Each structure stands twice: as C-alpha cells, then as structure tokens.
J.: 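Quick one: the structure is below, questions incoming.
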Amino acid sequence: MNENTGQQPPAVGLPASGISDADLFAHCLTDDGLAWLESLLGSGRYEVRAPEQAALLCIAWLRRTGEDAAAAELVEELRPFAHEVRFAPYPVERPVPDPDAVHRLTVGEAAGTLARRAPHPAVEAQREALTVWRPFEDELLGHWLRIEADPQAVTRASGAALLARYRELAAAHTRCTKHLNPKSNTAVLLRGLEATVTGRELPPRLAGLVRHAVASMAARRGRPGSAEHTRLRRDQARQAALPAHHDLAALLLRRLAPLDVARGTTEARTLTGPVTAEEARSTGLPIAAGIPPSVREPVAAALTAPLRTLLETGAVPSAEVLGEVAGRLVAAHPAQGYADEALGRLVAAAYSAGRPRRYALWWSREHHERIASLPWMRAVAPWGPDPAVRARATLRMFAEVCVEYFPGAGLPNLLARALSGLVPLAGLPVPLLTEPFAHRYSGRPSPDLLPAAQAARAAARHDVRALPRHRLRGSAASGGRRRP
C-alpha cells in the first residue's frame, strides 16, 4: 500500500487510473512497468502530449539496447521531479504515425468543416420542384386535358380536391415560389380551376389564357403519360433522389467520430467510401451512393501519409498549402534517419508534442534547441544521425518537391519561414529572406536583409571569378556583346 496516497500500485503492465505521478514513475521502473513501456515502444500505440512524457520511453529504449548505465543515470536525474511531472506516455488504440508522415488537417478540423455544411438553398429548391411541384403540375394539367376532352366527365369535387391539395402543398413547401407568379402557367390554371369549382363560367380572357397554358405545357414536356413525358419525369426523379451533400457530410461525421481529433488519419480512402447497407438503413441514404469530391475534400486533407503521397493524391494542391504542412515536417525532421524505427517514432513524438494547434507554422530553431537539450533527448542523441545532415536532407527534399510539383510558383512566405530555421542547422552560409523586407510603418529593413545581401554579393563575386577570362574580356570591351 502506498504510504502517501493509500492506493495500491498496479500489479500489471497498464497503470491504473487515478495513480499519482510519483507512483506511476515508480511503477514504470518495475519489471511489469518496463514490459508495458517496451510493448508501447514496439507497437507505437502511445501518445506524447508534452515532451517530458517521452522520458520513461527513452529509459525503456536504453535498457532494451543494453545501455543500463545510461538508463540508470537518467532515472536518478528525473527522480526528484517525479512527484510533480508525468514522465509516462498515454496509451492509445492507434499507433503514432511514422516520422515522415504528415497531414494538412487534423480529424477535428476536418469534422469542423463537415459540420458547417448546411443545406444549399438553390439545390433544395430544385429538389422540392422536382419532387413536389412538377408532379402537382402534371396532375393539374391532366385535369384540364380531361376537361377539354369531355367537360361533363369532370366533376366539381375533383377540382375542389385538387385546390385543397394545392393549398396544403403551398403551406408545407415554401422553397419554390414560381407558382405564386400570377403570369405563370400554374397560376393561370389554378385561377381557372377556382372559377370552375364555384360553377361560374370562365371569362373569355381567362379562358384564352387557360387554353394557351395547357397547350404550351403539353408542347414543352409532352402530355402526362406519354413516352416523352414519362422519360423526362423518370430522369428528374432519379436526379432528385440523389442524396444531399449536407446529408453525406453528416454521414462522414459519424465515420470520423471514433477517431482521435488531434491527429490525422491513414484511412481517408475507407472513410470516404460509398454508403454501406447498414448506413443506408440507419440514415435513409441510398445504398452504394458515392461521396462527391466537395464532401470528400476535408477528409482527404486529413490523410496522414508521406509528403509525396499527399502531393500525388492532390491533398497538397499548391505551394501555399505546402507551406502549411511544412511546419509539421520540419518539426519532425530530427527524427529522420534513425536506424531504429521505434526510436525514430519516439523522437518525432517528442518534437511534435505540445504544438499550438491554432497555428500552421509553429516550429523554430529555439524550439528545436529546447527539445534537444532535454536530458532524455540527450541520452538517445548518440543513436541518431548528425543534425546538420538531417537539416540538409530536409532542405533538399523540399527543394526537389518545389521544382518537381510547383515549378512555376515562387517560394511562399510560409514555406520560406519554416525552412529558414533549418539553414543555420545545416551549416549553410546563405540565409532565407522572407517578405516583407522592411517594416510597414517605420520603413526599417528586416534584420535578415543585410546578411542575405552580403551572402548574395559574395556568391555573385565567386561566380564571376569562376568564369573564363576571355568571356570577361569580351563582355567588358563590347558592353556585353562579342566583337566580330
């Protein structure tokens, strides 16, 4: 029994809920706790919400590789803080993504976009017209065609029932207002119907308008029941039966509900598949109905995959969007190049922990140096590649991607700002300059402007000295033109 809290420490690998940070730290150093940590390392099913929550996983990795002395030294360094800091990760059901995987949106951001999908007024008005008013117009036209064929065969009661049905439809379905236009064919036939129901004879002008409306409606779409008219209404009914985009967005929201809102997803293609039979029974959507691209887009943007996969699938359609995801990739670049896959995932999780999710670009050189100076990160640093080599590899990768996929676009400010922190880490003498080059109000130049200009001047002088002397002489003597 624990003397401070009165709680029994868990005897199995998974710690019990409600245990204090100190007890959790002590438990993770037992055989059961170390076995639990090693299982998390192997499966990757953990979450590091703050950089310090990777410390015990680093200790477990050091012990697994036979570095018991380094692990013990790290334990003693962390023990004084164990009562106030959680050094253990959180177990989760889904493994952490690979270090080279990135996503444009999190599941929560994609869900927020889908939740804002509301019924489109124009689309819903068209659906109401095809499902409500077109059938009623056919019924109204058929009534007048029967009157033309045999006035004695049509009773006043049928006309009164048709008028009552119109009033019910007009009160319940208010998106379409064409029938309210007094010059429309439907309004003309309704006025004539009201006159016949009361037993009055149609005035000559109204009778002429009714005959013209009947003739024009029959000529435009065919008589109700004809092959032409039946084919038209069948096509319109098929169009009206297509599911609304906001209903499909609600279906995708249900599919996203079980996922972690703070991450992307590797199952974007499955999540945007057609409507299943079970979903059709519960939602009323047609079976096998496809998800249109405009509804799929937010979920596709939450795909977690290597950058080139996102580029090939269209999840990163422009250089500006590439700048948005650059911050996540640059933040995880210290995890690239690790021979041990489990350690690479752990380092990436530590560097990406505690990111302010509101901002697309949050990485900085100071952030990198602060994480790299943590004791547990220093302890595993000897098993990683050289920092300068990692930074150069990341810069080269972004340069290749920009040239290959966006050759006609300049370097966006967001991307340049993300890469500018890697330049000094890579040991390159040329800084990246981002706009604006001067302060908007004071007019003072950016502090990076002078170093960039000096580096460009030095590079230009070096290139000129490398040119052949006969080309320099010809250029100087002829003002840039060769002598004949």
Side-chain angles (χ1 to χ4, degrees), residues 10 12-15 17 24-25 27-29 31-67 71 74 86-108 256 258-271 302-310 325 328-355 357 371-372 374 376-377 379-381 383-385 390 394:
V12 294
L14 185 63
S17 59
L24 180 59
F25 183 85
H27 169 74
C28 288
L29 299 179
D31 292 340
D32 287 339
L34 289 171
W36 175 66
L37 291 173
E38 290 183 4
S39 68
L40 294 183
L41 277 174
S43 65
R45 300 179 184 275
Y46 60 85
E47 182 181 16
V48 175
R49 302 175 186 174
E52 58 269 15
Q53 294 169 8
L56 283 169
L57 286 173
C58 290
I59 292 173
W61 186 87
L62 289 170
R63 285 179 55 89
R64 192 175 71 175
T65 55
E67 299 292 331
L74 183 56
R86 179 187 174 106
F87 291 112
Y90 290 91
V92 294
E93 295 182 359
R94 299 176 183 272
V96 296
D98 294 333
D100 61 343
V102 68
H103 53 269
R104 180 181 172 187
L105 299 178
T106 63
V107 169
L256 292 176
L259 304 183
D260 185 355
V261 297
R263 296 186 180 182
T265 176
T266 58
E267 305 171 1
R269 180 171 297 182
T270 304
L271 291 169
L303 173 66
T304 298
L307 178 59
R308 288 190 176 272
T309 301
L310 299 185
V325 303
R328 293 186 178 96
L329 276 175
V330 172
H333 93 276
Q336 304 290 337
Y338 276 81
D340 189 288
E341 182 180 354
L343 182 58
R345 280 201 306 260
L346 176 58
V347 172
Y351 273 93
S352 301
R355 176 176 65 88
R357 306 187 186 282
I371 301 298
L374 295 173
W376 50 94
M377 302 305 293
V380 298
W383 286 268
R390 290 197 303 259
T394 303

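Worth saying up front: this structure is predicted, and the values here are computed from it rather than measured. The analysis underlying the following values was restricted to heavy atoms, covering all of them including side chains, and did not include hydrogens, waters or symmetry mates.
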J.: When rounded to the nearest 0.5 angstrom, what distance separates OG1 in T106 from CG in D260?
T.: 9.0 Å

J.: Who pairs with E267 by side chain to side chain donor-acceptor pair (under 3.5 Å), at least two apart in sequence or on another chain?
T.: R94

J.: Can a donor-acceptor pair be found, under 3.5 Å and without considering hydrogens, that links the side chain of R63 to the backbone of G66?
T.: no

J.: Can you sort out the partners of V102 under side chain to side chain contact (heavy atoms under 4.5 Å, CB included), two or more places apart, ordered by chain and number?
T.: L310, V325, R328, L329

J.: Please enumerate all residues that pass side chain to side chain contact (heavy atoms under 4.5 Å, CB included) together with T304, with sequence neighbours excluded.
T.: P97, A101, H103, T266

J.: Do you know the tightest heavy-atom contact between A350 and A54?
T.: CB-CB, 4.0 Å

J.: Could you give the distance from OG1 (T65) to CG (L343), rounded to the nearest 0.5 Å?
T.: 8.5 Å

J.: Under 3.5 Å, which donor-acceptor pairs do the side chains of residues 39-46 form with other protein atoms, sequence neighbours left out?
T.:
| from | atom 1 | to | atom 2 | distance (Å) |
| --- | --- | --- | --- | --- |
| S39 | OG | W36 | O | 2.5 |
| S43 | OG | S39 | O | 2.9 |
| S43 | OG | R45 | N | 3.3 |
| R45 | NH1 | E93 | O | 2.0 |
| Y46 | OH | L346 | N | 3.4 |

J.: For R269, check side chain to side chain contact (heavy atoms under 4.5 Å, CB included) against everything at least two apart and list the hits.
T.: none

J.: Any idea which heavy atoms bring A372 and M377 closest together, and the distance?
T.: O-CB, 4.1 Å

J.: For R64, does the CZ atom sit with more than 12 other heavy atoms under 6.0 Å from it, leaving out its own atoms?
T.: yes

J.: Rounded to the nearest 0.5 Å, how far apart are CG of L37 and CG of D32?
T.: 11.0 Å

J.: Please name the pair of heavy atoms, one in L24 and one in A88, separated by the smallest distance, quoted to 0.1 Å.
T.: CD2-CB, 3.7 Å

J.: What pairs with V92 under side chain to side chain contact (heavy atoms under 4.5 Å, CB included), at least two apart in sequence or on another chain?
T.: E47, R263

J.: In sequence, state the C-alpha distance, the side-chain angles, and the governing distance for D340 and W61, and then conclude on side-chain contact (heavy atoms from CB on, under 4.5 Å).
T.: CA-CA 10 Å; D340 189 288; W61 186 87; 3.4 Å; yes

J.: How long is the span from the CG atom in L62 to the CG atom in L74, to the nearest 0.5 Å?
T.: 7.0 Å

J.: Please lay out, stage by stage, how I59 and W376 fare under the test side-chain contact (heavy atoms from CB on, under 4.5 Å).
T.: CA-CA 8 Å; I59 292 173; W376 50 94; over 6 Å; no

J.: Before giving the answer on side-chain contact (heavy atoms from CB on, under 4.5 Å), spell out for V347 and W383 the whole-Å C-alpha distance, their side-chain angles and the decisive distance to 0.1 Å.
T.: CA-CA 11 Å; V347 172; W383 286 268; over 6 Å; no

